[in-house]
Amino acid sequence: MLHTIVDSFLRDALQRINAPADVVLAFEYPRQEGFGHLSTTVAMALARSLRQNPRAIAQSIVDALPPSIEGVESVSVAGAGFINFTFTPSAFQSVMRTLQSRGDELGSSTIGRGTSVNVEYVSANPTGFLHAGHGRNCAVGDTLANLYRWCGYDVTREYYFNNAGNQMNKLGESIMVRLLQRLGQGDAVFPEDGYHGEYISTIADQIAQTQRDVVDTMTRDELHAFCRKQGELWCFDAIRATLKTLGISHDVFFNEDSLYTDGKVEATVAALRSLGLVYEHEGATWLALTKLGQPQDKVIIKSSGEPTYRLPDIAYHRDKLERGFDVIVDIFGADHIATIPDVLAGVQALGFDTSRVRVVIHQMVTFLENGEIVKFSKRSGTSFTLDDLIDEVGADVVRFFFVMRAVGTHLEFDLALAKEEGDRNPVFYLQYAHARICSILRRAAEKGLRPAIDTNLDVLTHRAEIDLILALSRFQETVERACGNLEPHTLCDYLRDLAGYYHAFYHDCRILGEAVEVEQARLALADLTRVAMKNGLTILGVSAPEQM
RNA sequence: GCGCCCAUAGCUCAGCUGGAUAGAGCAGCAGCCUUCUAAGCUGCGGGUCGCAGGUUCGAAUCCUGCUGGGCGCGCCA
């Protein structure tokens, strides 16, 4: 945004000093005070190819610039060869004018226009409740999907599940045994590694109460299938309800089973076989991954005839690519890390460009309650569900805490901090900034004042005003970068900074009761900040309260 | 044994794809409300960027090797 003021002048200057045409004109925002508002490292980047001292190059670039550029207060060479620009207040005022013209779309981008993307996340099988640890996948996936949408991509949110596997059979069996016990037919033995949660009995009770007569006519096999189906429906209802609380809803629920009924699994095996990548060994069917540069071959169809997860996963990715998505994003926990290379190798062997597939692997989560690690496990009675977590800390905090750290690092979720409704909690810091702005706007409205986009901005010259406008000007590029790099946490950091600049502005620059021009201009700036905060929080799936 | 991830202030973490004196928040200390929300602002202290080499004008960032922690390595998903 700011760089557009000097961009073309710099390019001309580079041409004048005979710099290679392909040099990247990179900008950065100096953190340190005294280094201006914007700087470029292009002189350092040229040092090698020009075989010159970077400082000397920087000076010759500066010398090749026009003596004065509109909006630029000063240009200087500093450090190892930085070229630093300081802009005039009027440059910031015109930046603000541009930002205002974006209206409610502030922060959105068109870089993804015409590109379709499929984001697959959550994807837990319907065998029970989502547990607290699932929260990271939910929040990261949904925030990324939001980021893609804000960048103009055509986004499909997809949930991949399997209602026909081993685990589902155990779920059905667990429910069936509980049901038979209810009905006084207690001869059935509860499966060794069955599901022990209370919900199993709940589902069984429900069946006993409402479907008793149907159940009585069934064979054991029929009953098992019936219980499995009832369990699936019940669990999916529970999962959907949890997701809804977090503001998450998927466009497509893709059933792995459909890959079999549509013949897509078989077709995938055939295609791999025709490439000479499939062979039989000890009754099983193997995929020759070593021919694809992988460390070892893997079984894709067990000697029992059942495929392993690898095969449908390859068929699934092939299907997604064939559905025409330009970009496929998979959100996985670190425990799935080993499967990805196999799937990608298989898909690539089938002739697809795997650079279209982008995999986000997030590390595991540890929950801390006053310094102690909270243990939870899925099948024992001590399970800590995502619903429990939401009940304890609220949906906003859940969404924010799960995305506020880089996905590649282990996440420590401090429950005590999350529960605090005070200044230690980063979520409230952001929401408070938004609520504070809304409060001023309400007061202004009582006086008949409204933020206007055509108001005179000349009076905005205070340091705190300039800093705030500069921060606002970085909103869109922050969204683009968070999306492009698949790093949603950078948006959290940005909003923290933005809120900080607003609070400083609020502290230093009184709005209501000042001279009319000042009042109007500052009100417009506050309102612009409100839109940015609101949009940023919306992308994160966090509410932006107007009052706190 | 092998693969991937991580290691930065007392604690939790950023660090914009290699740049300036490595930054926030929290915790600690000291200030700021007769005026728009003090859930806020300002200031201070706090560092061998795990260790050892290498690459170059320049490394927390890239390469190699260690150390320590996490997740995986199945005819489970």
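Here is how names work: the chains are called A, B, and so on, in the same order as the sequence lines, proteins then strands, and each is numbered from 1.
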Indicate, with a heavy-atom threshold strictly under 4.0 Å, whether A/E421 touches base, sugar-phosphate, or nothing. base

Would you call A/K170-A/E192 a salt bridge at under 4.0 Å N-O? no

P-based separation of B/rU8 from B/rG70 [nearest Å]: 15 Å

Side-chain ion pair, A/K320 and A/E120, N-O less than 4.0 Å: yes

Main-chain N/O of A/A435 paired to A/S439 side chain as donor or acceptor, under 3.5 Å: no

B/rG15 and B/rG25: how far apart are their C1' atoms, nearest whole angstrom? 14 Å

Ignoring hydrogens and angles, answer whether the base of B/rC36 and the side-chain atoms of A/S439 contain a donor-acceptor pair closer than 3.5 Å. no

Position toward the 5' end of RNA chain B (nearest nucleotide), A/G165 or A/H410: A/H410

Nearest to side-chain heavy atoms of A/R405, which nucleotide of B/rC26, B/rA14, B/rC16: B/rA14

Write down the partner of B/rA24 under the Watson-Crick or G-U wobble criteria, each distance required to be under 3.5 Å. B/rU12

In terms of side-chain heavy atoms of A/I337, which of B/rC71, B/rC73, B/rG40 is nearest? B/rC71

Give the rounded distance in Å between these two atoms: CZ of A/F332 and P of B/rG3. 22 Å

Could you tell me the separation between the CG atom of A/L495 and the C1' atom of B/rG25, rounded to a whole number of Å? 15 Å

Can you tell which of B/rA24, B/rC16, B/rC71 lies closest to the side chain of A/A334? B/rC71

Should A/T409 be listed as having a side-chain N or O under 4.0 Å from OP1 or OP2 of B/rA14? yes

Give a yes/no on whether any side-chain N or O of A/Y506 is located under 4.0 angstrom from OP1 or OP2 of B/rA39. no

Is there a donor N/O on one and an acceptor N/O on the other, under 3.5 Å, for the side chain of A/Y309 and the base of B/rA77? yes

Contact check, side chains of A/P307 and A/I300, non-hydrogen atoms, under 4.5 Å: no

A/D297 near the nucleic acid: base, sugar-phosphate alone, or nothing, with a heavy-atom cut-off under 4.0 Å? nothing

Atom OH of A/Y432 and atom P of B/rA39: how far apart are they, to the nearest Å? 5 Å

Pairing partner of B/rG58, by Watson-Crick or G-U wobble and under 3.5 Å for both distances, is none

Pair of N/O donor and acceptor under 3.5 Å linking B/rA20 base with A/S39 side chain: yes

Going by modelled atom types, is there a donor-acceptor pair between the base of B/rA14 and the side chain of A/D497 at under 3.5 Å? no

Distance-only, no hydrogens or angles: does the A/H250 side chain make a donor-acceptor pair with backbone N or O of A/Y159 under 3.5 Å? no

Rounded distance in Å - CD (A/E256) to C1' (B/rA77): 9 Å

side-chain N/O A/Q363 vs B/rC4 OP1/OP2, d < 4.0 Å: no

Would you tell me if any nitrogen or oxygen in the side chain of A/H336 comes within less than 4.0 Å of OP1 or OP2 on B/rC76? no

Could you walk me through whether A/I239 and A/H134 pass side-chain contact (heavy atoms from CB on, under 4.5 Å), step by step? CA-CA 11 Å; A/I239 289 169; A/H134 278 123; over 6 Å; no

When the distance from CD of A/E120 to C1' of B/rA77 is rounded to whole Å, what number comes out? 13 Å

Is B/rU17 syn or anti, taking syn as a glycosidic angle within 90° of 0? syn

Going by ring centres under 5.5 Å and near-parallel planes (under 30°), is A/F35 stacked on B/rA20? yes

Are any of the side-chain nitrogens in A/R481 or A/E487 under 4.0 Å away from the carboxylate oxygens of its partner? no

Rounded to the nearest Å, what distance is computed from the CG atom of residue A/L411 to the P atom of nucleotide B/rU12? 12 Å

Measure from CH2 on A/W286 to C1' on B/rG74 and round the result to the nearest Å. 10 Å

Name the nucleic acid region contacted by A/C509, choosing base, sugar-phosphate or nothing; use a 4.0 angstrom heavy-atom cut-off, strictly under. base

Need one value for A/G408: base, sugar-phosphate or nothing, where a base atom within 4.0 Å counts as base even if backbone is also close, heavy atoms only. sugar-phosphate

pair_partner(B/rG40), Watson-Crick or wobble, both distances < 3.5 Å, evaluates to B/rC32

Name the pairing partner of B/rA7, where a pair is Watson-Crick or G-U wobble with both distances under 3.5 Å, or state none. B/rU67

Side-chain N or O of A/R522 versus OP1/OP2 of B/rC36: is the shortest distance under 4.0 Å? no

Take atom P in B/rC26 and the same atom in B/rA22, then report the distance between them in whole Å. 22 Å

Between A/E546 and A/R530, does any side-chain N to carboxylate O distance fall below 4.0 Å? no

Using atom P of each nucleotide, how far apart are B/rA9 and B/rA60 to the nearest Å? 15 Å

Based on the glycosidic angle (syn within 90° of 0, else anti), state the conformation of B/rC51. anti

Tell me: CD of A/E487 to P of B/rA14, nearest whole Å? 10 Å

Is any side-chain nitrogen or oxygen of A/K302 closer than 4.0 Å to OP1 or OP2 of B/rC76? yes

B/rA24 and B/rG46: how far apart are their C1' atoms, nearest whole angstrom? 14 Å

Quick one: look up who B/rC73 pairs with, Watson-Crick or G-U, both distances under 3.5 Å, and put none if it's unpaired. B/rG1

